[in-house]
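Here is the structure we will look at, set down as structure tokens.
Predicted model, so just to flag it, every value in this text is computed and none were measured. Chain letters run A, B, ... following the sequence lines, proteins first, then strands; residues in each count from 1.
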There are 2 protein chains.
Amino acid sequence: MQKIEHGFVMTGAKPNKNAMAANAGDTATGLDAMLCFAIYGAAHAFTRAYKPLLEPLGLTYPQYLVMMALWTEDGQKVKTLGDRLGLDSGTLSPLLKRLEQSGLVKRKRDAEDERQVKITLTPQGLDLKERSSGVMAEIGKATGCNLEEAVALREALVGLKDRLEGAESE
Amino acid sequence: MQKIEHGFVMTGAKPNKNAMAANAGDTATGLDAMLCFAIYGAAHAFTRAYKPLLEPLGLTYPQYLVMMALWTEDGQKVKTLGDRLGLDSGTLSPLLKRLEQSGLVKRKRDAEDERQVKITLTPQGLDLKERSSGVMAEIGKATGCNLEEAVALREALVGLKDRLEGAESE
DNA sequence: CGCAATTCAATTGCGTGCAATAGATTTATG
DNA sequence: CATAAATCTATTGCACGCAATTGAATTGCG
């Protein structure tokens, strides 16, 4: 199996902690490149890892994320889902339409506020939660992380995200 | 400014190291969900952070990655670029066509092996390297990572990716 | 040599992501 | 009350990302 190389941008500047420490303070040399490549690759790897597991369920990865959000709290507004997943209506509207066509959710405008659309799970949508229980276990195994690693990694990523989002004015 | 929440899937199971350690070994409870949400969010945050910086250069984020690959080594084959970036021809072909239309690269079939297409930088494509030097510095600042963090995070991500890619047979 | 298998780039089709816009509804303001 | 501003969903257009297919070129094997 052909393995994808990583760190190729750093020809002559390997991602070695000691080597990097030599020119500390020089964050522009490729460090950010290393990070952005790594995140880019890891995110796609995650998507690819989930794909064969989700296929039998008839879900794509983003659809799975939406379903997880609904399993956690049913009847959310499109807006709420968008905020939580970081997606806008341009992405969610067609995605939810597909989930509705698959018979997993229903969309209905809120009688109180006709602007909003509430997304509720159908019985099949709820069933899918049980049927998807193996997915998380599989991925958990595939990541091969112990708890310490996973928690640390998650916190680092969330922190990174927050800093990236908060730095737009500077 | 509305901040996007994170960790919402873990209602009642906060990403707290002590809390999680209580049910160690139970990787299916949401740990993988935490990770996949975090990576998903961080990857998009990166893309969004790069966007305003790359816009003046007329590049999208994936196009920027391709250009970086070419700045590191000019004249690469489409296949090589695909391997290094983890993209296939279905993604690269149209992307490279756009870069060619922008006047940044040229595509020419290899005379030795007519199957292959070599991508070479135009003078403008090379110029862009200098003009984009500020981008890396800006992102480096925006991430707000010190070297230790960045290197550790990168290695964790690469390791995660490798494990995810290597676990398909199991 | 001749033909099948392989390799490589391009194309097609579908599903995101996201900016920009439109349309409808609610809220705020005079 | 009327009108402007804000809110929310849907649509459009463009650019990925990837599976599947096509078509051309090369390699391998008898």
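By the side-chain hydrogen bond (donor to acceptor under 3.5 Å, both in side chains) test, B/D74 pairs with no residue at all, sequence neighbours left out. Annotation: side-chain hydrogen bond (donor to acceptor under 3.5 Å, both in side chains) contacts of B/E149 (sequence neighbours excluded): none. Under the side-chain contact (heavy atoms from CB on, under 4.5 Å) criterion, A/D113 pairs with A/R115, A/Q116, sequence neighbours left out. With sequence neighbours excluded, the residues satisfying salt bridge (Lys or Arg N to Asp or Glu O under 4.0 Å) with B/D110 are B/K118.
If you take CG of B/L81 and P of C/dA10, they are 11 Å apart, rounded to a whole angstrom. Going from atom NZ of A/K108 over to atom P of D/dT9 covers 15 Å, rounded to whole Å. Counting to the nearest Å, the P atom of D/dG17 and the CG atom of A/L54 are 19 Å from each other. What separates CG of B/L59 from C1' of D/dC14 is a distance of 16 Å, to the nearest Å. Between the C1' atom of D/dA15 and the CG atom of B/L99 lies a distance of 12 Å, rounded to the nearest Å. Regarding A/L85, its CG atom lies at a distance of 16 Å from the C1' atom of D/dT9, rounded to whole Å. Residue B/L92 contributes atom CG, which lies 12 Å from atom C1' of D/dC18 at whole-angstrom precision.
Within the 3.5 Å criterion, the main-chain N or O of A/T91 finds a donor-acceptor partner in the side chain of A/D88. Between the side chain of A/S89 and the backbone N or O of A/L92 there is no donor-acceptor pair closer than 3.5 Å.
Counting non-hydrogen atoms under 4.0 angstrom, B/E55 reaches nothing in the nucleic acid.
Ring centroids of A/Y64 and A/Y50 are separated by less than 6.0 Å, placing the two rings close together.
Put simply, A/K97 has no side-chain N or O that comes within less than 4.0 Å of OP1 or OP2 on D/dT9.
In this structure the side chain of A/V78 reaches within 4.5 angstrom of the side chain of A/I119, judged on heavy atoms. For the pair B/R154/A/F37, no side-chain contact is recorded, criterion being any heavy-atom separation below 4.5 Å from C-beta on.
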Considering only nitrogen or oxygen atoms on both sides, find all protein atoms under 3.5 Å from nucleotides 15-19 of chain C and state each distance.
unit_1, atom_1, unit_2, atom_2, d
C/dT16, OP1, A/T60, OG1, 2.5
C/dT16, OP2, A/Q63, NE2, 2.5
C/dT16, OP2, A/R98, NH1, 3.2
C/dT16, O5', A/R98, NH1, 3.4
C/dG17, OP2, B/Y40, OH, 2.4
C/dC18, OP1, B/R48, NH1, 2.7
C/dC18, OP2, A/G86, O, 3.4
C/dC18, N4, A/G90, O, 3.3

Would you tabulate the pairs of protein nitrogen or oxygen atoms and nucleotide nitrogen or oxygen atoms of nucleotides 1-8 of chain D closer than 3.5 angstrom?
unit_1, atom_1, unit_2, atom_2, d
D/dT7, O4', A/R115, NH1, 3.4
D/dT7, O2, A/R115, NH1, 3.2

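Using Watson-Crick or G-U wobble geometry with both donor-acceptor distances under 3.5 Å, D/dG30 finds its partner in C/dC1.
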